[in-house]
Each structure stands twice: as C-alpha cells, then as structure tokens.
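Quick caveat, the model's predicted, so the values are computed rather than measured. In this chain, residues are counted from 1 in sequence order.
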Amino acid sequence: QVELVESGGGLVQAGGSLRLSCGASGSVFAWSRMGWYRQTPGKERELVASITPGSSTNYGDSVKGRFTVSRDNANHRVTLQMNSLKPEDTAVYYCNLGGYHRSSSYYPGSYWGQGTQVTVSS
C-alpha cells in the first residue's frame, strides 16, 4: 500500500514563493512517475507538473517558468517549488503517484495525497 502526504501549503502574497513537498511510503517510489495537480471549487483537477523516475519534467502552460518539480528517490520525496505566485494559483494541490506519460502529457495513477491548500493574496 502506498501513502502520499503533502506539506508546505499556506498563505502567501502575490509574487512570493512556496515549496510543497510530497512524501511517499512504500518501495515503488523510485520507479514511479509522479505528478502535481491542483483544484479549485467547481473546476476539474488541473495538471501542474510531472516528473519521471529519471527526473524528466513537464509543466502546465500556466506555471511554466515559475514552478519547478524535483524528486529525491533516496528519500521518497517529490518537491514543487513555486515562485512568482499569482492569485490564480490559489488551489488545493495534490500529488499523484503511478501515472504514465503519453505525448508529453501525464495521466494520473491510483495514488493521491490528501491535498494541501495554497492561497495567494493580491
């Protein structure tokens, strides 16, 4: 069984930075693809970034150049560094494990974290 736990959300002013972290239990992390998603009320979950086991990355258009995803396979952790935050980045952010990539898009796997709230004030 895999458990994902996110941390690092909070309230920040526009232009600021936050660093989200997702820790994974279980031995599958090192060879699993990972993704970060976000969701606001009434909207579908949006892919923010994804990362392969070899640390190849992809980003949603709205965060390119501002967000950076990285992973530490030894410590079973994936991190999302968010810079130059905007009010429209406000959402609950979720990490996902075990998806796949097709045509540079990431399709989520079965494992989700509980989510962490990010609020960006204007």
Side-chain angles (χ1 to χ4, degrees):
Q1 186 68 18
V2 174
E3 183 179 7
L4 303 176
V5 179
E6 299 105 335
S7 60
L11 173 64
V12 64
Q13 288 189 333
S17 297
L18 280 174
R19 187 179 181 91
L20 305 184
S21 181
C22 175
S25 64
S27 60
V28 300
F29 179 87
W31 59 80
S32 294
R33 299 171 187 262
M34 302 286 297
W36 281 99
Y37 287 78
R38 65 187 182 188
Q39 189 171 26
T40 55
K43 293 188 177 182
E44 290 189 359
R45 201 166 285 189
E46 174 192 12
L47 177 64
V48 174
S50 64
I51 187 165
T52 68
S55 294
S56 295
T57 58
N58 280 289
Y59 298 93
D61 289 341
S62 61
V63 306
K64 282 180 181 177
R66 300 188 297 122
F67 289 13
T68 302
V69 62
S70 60
R71 66 190 293 158
D72 178 350
N73 287 336
N75 291 299
H76 293 194
R77 187 164 299 277
V78 63
T79 299
L80 184 68
Q81 177 68 42
M82 305 186 296
N83 298 329
S84 302
L85 283 162
K86 304 175 182 180
E88 51 264 43
D89 294 319
T90 296
V92 178
Y93 284 70
Y94 300 88
C95 66
N96 175 265
L97 181 147
Y100 64 95
H101 285 91
R102 180 176 295 170
S103 300
S104 298
S105 294
Y106 176 83
Y107 295 85
S110 301
Y111 301 103
W112 294 92
Q114 83 286 358
T116 185
Q117 177 70 47
V118 170
T119 303
V120 184
S121 63
S122 57

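- Hydrophobic clustering (ILVMFWY, side-chain heavy atoms < 4.5 Å, transitive): Leu20 and Val120 are in one cluster.
- Ion pairing between a basic and an acidic side chain is recognised when a charged N comes within 4.0 Å of a carboxylate O; Asp89 and Lys86 show no such pairing.
- Between the side chains of Arg66 and Ser17, no donor N or O sits under 3.5 Å from an acceptor N or O.
- A heavy-atom distance below 4.5 Å is found between the side chains of Phe29 and Met34.
- For Tyr37 and Trp112, the gap between ring centers is short of 6.0 Å.
- Contact check for Ser122 versus Glu88: no side-chain heavy atoms found under the 4.5 Å cut-off.
- Judged by distance alone, with hydrogens and angles left aside, the side-chain atoms of Tyr94 form no donor-acceptor pair with the main-chain N or O of Gly35 at under 3.5 Å.
- The side chain to side chain donor-acceptor pair (under 3.5 Å) test applied to Gln117 returns Thr119, not counting sequence neighbours.
- Checked by atom type and distance alone, the side chain of Asn96 never pairs as donor or acceptor with a backbone atom of Pro108 at under 3.5 Å.
- For the atom pair Lys64 NZ and Tyr59 OH, the distance stands at 10.5 Å (nearest 0.5 Å).
- A donor-acceptor contact under 3.5 angstrom links the side chains of Arg77 and Ser21, judged on distance only.
- Here OG of Ser105 is found 7.5 Å from CG of Asn58. Values are rounded to the nearest 0.5 Å.
- When the side chain to side chain donor-acceptor pair (under 3.5 Å) test is applied to Ser32, no partner is found at least two apart in sequence or on another chain.
- Counting only distance, with no hydrogens or angles, the side chain of Ser25 and the backbone of Glu3 share a donor-acceptor pair below 3.5 Å.
- Closest non-hydrogen pair, Ser50 versus Val69, comes out as O-CG1, 3.7 Å.
- Closest non-hydrogen pair, Val63 versus Val48, comes out as CG2-O, 3.4 Å.
- The shortest heavy-atom contact between Ala91 and Thr40 is CB-CG2, 3.6 Å.
- One hydrophobic cluster, built from ILVMFWY side chains closer than 4.5 Å, cannot hold both Leu11 and Val118; they sit in different ones.
- Rounding to the nearest 0.5 angstrom, the gap separating the OH atom in Tyr93 from the CD atom in Glu46 is 7.5 Å.
- Side-chain contact between Thr79 and Asp72 is absent, with no heavy-atom pair separated by less than 4.5 Å.
- Atom NE2 of His76 and atom SG of Cys22 lie 12.0 Å apart (nearest 0.5 Å).
- Using a 4.5 Å cut-off on side-chain heavy atoms (C-beta onward), Glu6 and Val92 make no contact.
- The backbone N or O of Gly16 sits nowhere less than 3.5 Å from a side-chain atom of Asn83 that would complete a donor-acceptor pair.
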Under the side-chain contact (heavy atoms from CB on, under 4.5 Å) rule, what do Tyr107 and Arg102 come out as? Steps first, then yes or no, please.
-> CA-CA 8 Å; Tyr107 295 85; Arg102 180 176 295 170; 3.8 Å; yes
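- From Leu47, atom CG reaches atom OG of Ser62 across 9.5 Å, with rounding to the nearest 0.5 Å.
- Taken from CD in Gln114 to CG in Leu4, the straight-line distance is 9.0 Å, to the nearest 0.5 Å.
- In terms of the ring pair (Phe, Tyr, Trp, His ring centres under 6.0 Å) criterion, residue partners of Tyr106 (sequence neighbours excluded) are, by chain and number, His101.
- For the pair Arg33 and Tyr100, the NZ or CZ position fails the cation-pi test of under 6.0 Å to the six-membered ring centre and within 45 degrees of the ring normal.
- Taken together through direct or relayed side-chain contacts under 4.5 Å among Ile, Leu, Val, Met, Phe, Trp and Tyr, Trp36 and Val28 form part of one hydrophobic cluster.
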